[in-house]
Structures are given as C-alpha cells and as structure tokens.
Amino acid sequence: MSRRLILCMLLVCSTSVLFHSTCGGQNPSLSMVSFDHGFNPLYGEDNIIPYDDNNSVQISMDERTSSGFHSKLMYSNGYFQTSLKLPENYTAGVVVTFYACNSQKYPFHRDEIDFEFLGHIHGQKWLLQTNFYGNGSTNRGREERYDLWFDPSEDFHNYGILWTQNRITYYVDHVPIRHVKRVDSMGGDFPSKEMSLYGTIWNGSNWATGGGQHKLDLTYGPFVAKYSGFVLSGCPFHHDTQTITISGCNNSNMVASSAADDHLTQEETAELHTFRSKWITYSYCYDFKRYAVPLPECVFNSDEFRHLQHFDPWTFGSAK
C-alpha cells in the first residue's frame, strides 16, 4: 500500500470522528488553530484585525479596500472549518468566502472548493453558494445555491469542508448540505492538488446578489465579517520535498482499521436529504438548459428536482 494512500486513510478516519462515534476504536476531538498560528494576511492588511488573543479575526471592506487572509501551509486533503459571522444590515454585492484553492501555485490549472455568501437585501433570505473546480475546469461550473434557515449575521455558525481523494462534503453547523463522490469519468475536474485555505470579503456587485441586480452600497459600510474556531485538520504539503508526511498530519495517531469510507452515515444521509429537499434553490445537475447531459458526478434525486421545479419553474421546468 502506498504511503499517500495510507495518509488518505488516516485523514478520512481522523476527520470522520467529528460526525461518527468511532474510528479505529477512538474518538478524539479536532483541535482549533488560532488565527496567528494558522494564517497570514493576503491583502488589505489595514482591514484585518485579530482579536480574542489572536484566536479570531475580523476582516472588512470599506471605500478604500477589501481584505482577506490565507493559511500559512498548503494541505493535501483533510477537514477544514471556520465559525463565521457575516456583516449586518444591507450587504448587496458583498461576497464573503471560506474556501480552499491553489490558484497562486497553479494559476492555469487551479483546484478550488468554495463557500460563498452572496450578499443580502432586506426582506429576502440569506443565500449561500458552494462550488468546486479541478485542474482549471472553470468552464464547467458546478454551482449550487441554498437558502439558510437562520440569519448568519446575528451569530456565529460553523462551515466545514471534508475533502479526500474520493469525496467532497460541505457542512453547515455539522449538517451535510452537499456530498460529491468522485467518479472516474470526471477526470481532472475533481480537486486533487494541494491547496491553501482562504477567507475573503470583496465586491461582487456584477453577479452576486440577484444576479447583479442589487449593487454594493458603501453608505452601509464598513462591512465586517468575523471568523473564529479554525480547524485545519489536514496533511501539510512540504514545498521543498513536494511531499506530505505522516508526522506533520493533525490527528496522525489515528490508525484506520479498514479502507477509507467515502459514504455518509445513515444519519448524515437523512440530514442531507432533508436539507436539500427544503433549502436548495439551484443545482447545475438539474439545469438542463445549461447542461443537456448532466455532468458525470450528478445523481438524480426526484425530491430535489420537484422542489427546484416549484422554486424556479423557468430554469427547471414546471412540476405540474
């Protein structure tokens, strides 16, 4: 068995304990990483303010600049999480993100796994978008959007990404909202190269809120997003040797008792189905005007499709 496969088994085992009772007979909790230990400013340094003894950070956008941060290390697979509180009030055009990406290292062949919040106007629900790319496949967008069942500007909520060689699962408050399993026919479209973690706030007025209908209004600024509770439970990638090592992995004491399991538990499957049949507002898998033949990882679910048809009959067809 290859060293890389063993690492992936260890990662799946160690990260799955967030949501499963046992793994190799043990059940450790994932440790938090302080902002100053795990991250560096990316841009807009004057608008990046650590607090809570440098465990947390607030980033902002005003008339001068937006801002963002990135992890000090790159990681090859793992579980990554933050607790995030969004800007309050009218935030049309304000995009707040938590995502994994390697565009700085592979500008033409980037991988990416995204959480994106698309701004908010009074009287409408809060909208969350997820997306992923592999090997620069940006011409094949895999966006999904969802309404949220809470106001993400009132308090902190957890957003997590579980990424292995064979799956991507997105979690909101530990509830799985999207689960993608790699299939061979995806080729390089599935993210496979080492990535950094990012948090950013920026102006997406041309597309984010209402498809660009509602624009940024700086009179409501500055717009402040607060991040805390960072989890970087992955295997660091070493640039000098171009390798990952077991000794550098968080929770490396976990020993997998069997091959990596890329399936959701029965409880998670039920939670996923409940969420998606109620809160999903867009999925590329059912947008036949965009993709006459669904992309290979898509799995048809009749409840999701009926919900989308009722929500947006122009895009997804009438459910009558």
Side-chain angles (χ1 to χ4, degrees), residues 95 97 99-103 106-119 124-125 127-148 161-170 172 176-193 195 204-214 262-264 268-269 272-320:
V95 178
T97 71
Y99 67 104
C101 188
N102 52 28
S103 59
Y106 304 103
F108 303 107
H109 304 283
R110 83 175 192 259
D111 301 315
E112 192 167 317
I113 305 173
D114 301 327
F115 276 111
E116 297 175 311
F117 296 89
L118 304 184
Q124 293 193 3
K125 295 180 179 178
L127 196 62
L128 168 65
Q129 177 169 284
T130 63
N131 200 2
F132 72 90
Y133 303 108
N135 204 36
S137 57
T138 56
N139 62 322
R140 290 182 293 280
R142 288 172 159 91
E143 301 94 342
E144 287 194 346
R145 291 187 286 275
Y146 328 88
D147 288 333
L148 293 175
I161 297 168
L162 176 58
W163 167 49
T164 77
Q165 285 187 327
N166 293 305
R167 80 184 261 192
I168 301 169
T169 308
Y170 298 82
V172 175
I177 67 166
R178 181 177 183 180
H179 180 64
V180 181
K181 294 185 69 174
R182 186 187 68 81
V183 295
D184 291 342
S185 50
M186 292 179 71
D189 284 9
F190 189 87
S192 61
K193 300 185 292 294
M195 292 191 278
S205 285
N206 61 331
W207 67 276
T209 311
Q213 179 180 357
H214 306 288
D262 289 308
H263 298 280
L264 297 176
E268 285 182 313
T269 300
L272 178 73
H273 177 78
T274 299
F275 173 85
R276 294 176 66 83
S277 62
K278 185 175 183 179
W279 299 107
I280 192 169
T281 63
Y282 177 82
S283 173
Y284 69 101
C285 286
Y286 303 103
D287 189 347
F288 302 120
K289 296 176 182 178
R290 183 179 183 185
Y291 297 115
V293 177
L295 296 182
E297 72 279 4
C298 290
V299 177
F300 184 84
N301 182 288
S302 58
D303 290 336
E304 290 180 19
F305 188 43
R306 281 193 296 269
H307 170 73
L308 288 169
Q309 286 180 311
H310 284 294
F311 178 81
D312 185 356
W314 187 88
T315 300
F316 301 106
S318 174
K320 295 181 180 179

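Just so you know, these numbers come straight off a predicted model, no measurement behind them. Numbering of residues begins at 1 and proceeds along the displayed sequence.
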Colleague: Under the criterion side-chain contact (heavy atoms from CB on, under 4.5 Å), I'd like the reasoning laid out for Ile113 against Tyr99: C-alpha separation, chi angles, the key distance, then a yes or no.
Modeller: CA-CA 6 Å; Ile113 305 173; Tyr99 67 104; over 6 Å; no
Colleague: How close do Thr169 and Leu264 get, heavy atom to heavy atom, and via which atoms?
Modeller: CG2-CD2, 4.1 Å
Colleague: From Leu127 CG over to Arg145 CZ, what is the distance, rounded to the nearest 0.5 angstrom?
Modeller: 6.5 Å
Colleague: If we ignore hydrogens and angles and just use 3.5 Å, is the side chain of Trp163 paired with the main-chain N or O of Pro191 as donor and acceptor?
Modeller: yes
Colleague: Roughly how far, to the nearest 0.5 Å, is OH of Tyr106 from NZ of Lys193?
Modeller: 6.5 Å
Colleague: For Cys285, which residues count as a disulfide bond (SG atoms under 2.5 Å apart) partner, sequence neighbours excluded?
Modeller: Cys298
Colleague: When you look at CG of Asp184, are more than 12 heavy atoms from neighbouring residues, nucleotides or ligands closer to it than 6.0 Å?
Modeller: no
Colleague: Using the six-membered ring of Tyr284, assess whether NZ or CZ of Arg290 lies under 6.0 Å from its centre and within 45 degrees of the ring axis.
Modeller: no
Colleague: Say whether, by atom type as modelled, one donor and one acceptor occur between the side chain of Ser137 and the main chain of Arg140 under 3.5 angstrom.
Modeller: no
Colleague: Can you name the ring pair (Phe, Tyr, Trp, His ring centres under 6.0 Å) partners of Phe115, sequence neighbours left out?
Modeller: Tyr159, Tyr170
Colleague: Indicate yes or no: at least one non-hydrogen side-chain atom of Leu162 is less than 4.5 angstrom from one of Ile168.
Modeller: no
Colleague: Please report the shortest heavy-atom distance between Asn102 and His109, naming the atom on each side.
Modeller: OD1-O, 4.4 Å
Colleague: Please name the pair of heavy atoms, one in Lys181 and one in His263, separated by the smallest distance, quoted to 0.1 Å.
Modeller: NZ-CE1, 2.7 Å
Colleague: List the steps, then state whether salt bridge (charged side-chain N to carboxylate O under 4.0 Å, His left out) holds for Arg142 with Asp189.
Modeller: CA-CA 10 Å; Arg142 288 172 159 91; Asp189 284 9; 3.2 Å; yes
Colleague: Can a cation-pi geometry be assigned to Lys289 and Trp314, taking NZ or CZ under 6.0 Å from the six-membered ring centre and within 45° of the ring axis?
Modeller: yes
Colleague: What pair of heavy atoms forms the shortest contact from Thr97 to Glu116, and how long is it?
Modeller: CG2-CG, 4.1 Å
Colleague: Taking Tyr146 as the fixed residue, which of Tyr282, Phe311, Phe275, Phe117 is the one that meets the ring-ring contact (aromatic ring centres under 6.0 Å, His included) rule?
Modeller: Phe275
Colleague: Examine the side chains of Asp114 and Thr130 and answer whether a donor and an acceptor come within less than 3.5 Å of each other.
Modeller: no
Colleague: Closest heavy-atom contact between Leu118 and Thr209?
Modeller: O-OG1, 2.6 Å
Colleague: Which value, rounded to the nearest 0.5 Å, describes the distance between Tyr286 atom OH and His307 atom NE2?
Modeller: 11.0 Å
Colleague: For Thr138 and Arg110, what are the C-alpha separation, side-chain angles and deciding distance, and is it a side-chain contact (heavy atoms from CB on, under 4.5 Å)?
Modeller: CA-CA 9 Å; Thr138 56; Arg110 83 175 192 259; 3.6 Å; yes
Colleague: Could you please spell out the steps behind the side chain to side chain donor-acceptor pair (under 3.5 Å) verdict for Asp111 and Ser192?
Modeller: CA-CA 7 Å; Asp111 301 315; Ser192 61; 4.5 Å; no
Colleague: Where do Asp147 and Ile280 land on the side-chain contact (heavy atoms from CB on, under 4.5 Å) test, with the steps shown first?
Modeller: CA-CA 6 Å; Asp147 288 333; Ile280 192 169; over 6 Å; no
Colleague: Could you tell me whether Phe305 and Phe300 have their ring centroids closer than 6.0 angstrom?
Modeller: yes
Colleague: Given side-chain contact (heavy atoms from CB on, under 4.5 Å), test Leu148 with Lys125 step by step and report yes or no.
Modeller: CA-CA 7 Å; Leu148 293 175; Lys125 295 180 179 178; over 6 Å; no
Colleague: Take Phe288 and Phe316 through the ring-ring contact (aromatic ring centres under 6.0 Å, His included) test and state the conclusion after the steps.
Modeller: CA-CA 7 Å; Phe288 302 120; Phe316 301 106; 8.3 Å; no
Colleague: Which heavy atom in Phe190 sits nearest to a heavy atom in Arg167, and how many Å separate them?
Modeller: CZ-N, 3.5 Å
Colleague: My understanding is that only one of His273, Arg276, Lys278 makes a side chain to side chain donor-acceptor pair (under 3.5 Å) with Asp303; could you say which?
Modeller: His273
Colleague: Is it true that Ser283 and Glu144 share a donor-acceptor pair across their side chains at a distance under 3.5 Å?
Modeller: yes
Colleague: Let me confirm one number: the OG1-CG distance from Thr274 to Leu272, rounded to the nearest 0.5 Å.
Modeller: 8.5 Å
